Amino acid sequence: HNCVACALSPDGKIVASGDSGSVTLWESATGKEVQVLRGYKGELSYLVFSADGRTLFTGSYDRMVRAW
């Protein structure tokens, strides 16, 4: 997976990696894919988890910001 933007959840259990068009969530301990979030046309510019780890915020060069 080619990671353009990456983020680690506050508890360290989930890694989010993004590229053009999708964000993949992985278990950090096993590398197992948990979920794929889709819906971007452009390349992602950032990923960040909320302080409680329950929400992932993403932004892309197509000027779209999402809360997942």
Side-chain angles (χ1 to χ4, degrees):
H1 191 351
N2 184 17
C3 181
V4 173
C6 299
L8 181 64
S9 64
D11 64 6
K13 294 182 180 180
I14 299 293
V15 175
S17 65
D19 59 15
S20 293
S22 68
V23 176
T24 304
L25 303 179
W26 311 87
E27 289 181 354
S28 60
T30 65
K32 180 181 175 185
E33 184 179 294
V34 176
Q35 186 175 6
V36 178
L37 309 172
R38 299 185 195 284
Y40 284 100
K41 294 178 185 173
E43 189 173 288
L44 289 171
S45 56
Y46 75 88
L47 302 172
V48 64
F49 281 94
S50 61
D52 64 7
R54 298 181 72 156
T55 306
L56 176 66
F57 296 95
T58 60
S60 67
Y61 290 108
D62 64 3
R63 299 182 186 178
M64 185 178 293
V65 176
R66 290 194 177 180
W68 304 84

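In this text, all values refer to a predicted model and were calculated from it rather than measured experimentally. Numbers for residues simply follow the sequence, beginning at 1.
- Ser17 OG to Leu8 CG: the interatomic distance, rounded to the nearest 0.5 Å, is 12.0 Å.
- When the side-chain contact (heavy atoms from CB on, under 4.5 Å) test is applied to Ala67, the partners found at least two apart in sequence or on another chain are Thr55, Phe57.
- Between Ala7 and Phe49, the closest heavy-atom pair is O-CE1, 3.8 Å.
- With hydrophobic clusters built from ILVMFWY side chains whose heavy atoms lie under 4.5 angstrom apart, Tyr46 does not share a cluster with Val15.
- A distance-only check finds a donor-acceptor pair linking the side chain of Ser45 to the backbone of Gly59 [under 3.5 Å].
- The two atoms that bring Pro10 and Gly53 nearest to each other are CD-CA, 3.7 Å, heavy atoms only.
- The two atoms that bring Val23 and Ala16 nearest to each other are CG1-CB, 4.2 Å, heavy atoms only.
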If you look only at distance, which donor and acceptor atoms sit under 3.5 Å apart when one is on a side chain in residues 30-38 and the other is two or more places apart or in another chain?
from  : atom 1 : to    : atom 2 : distance (Å)
Thr30 : OG1    : Glu27 : OE1    : 2.7
Thr30 : OG1    : Lys32 : N      : 3.1

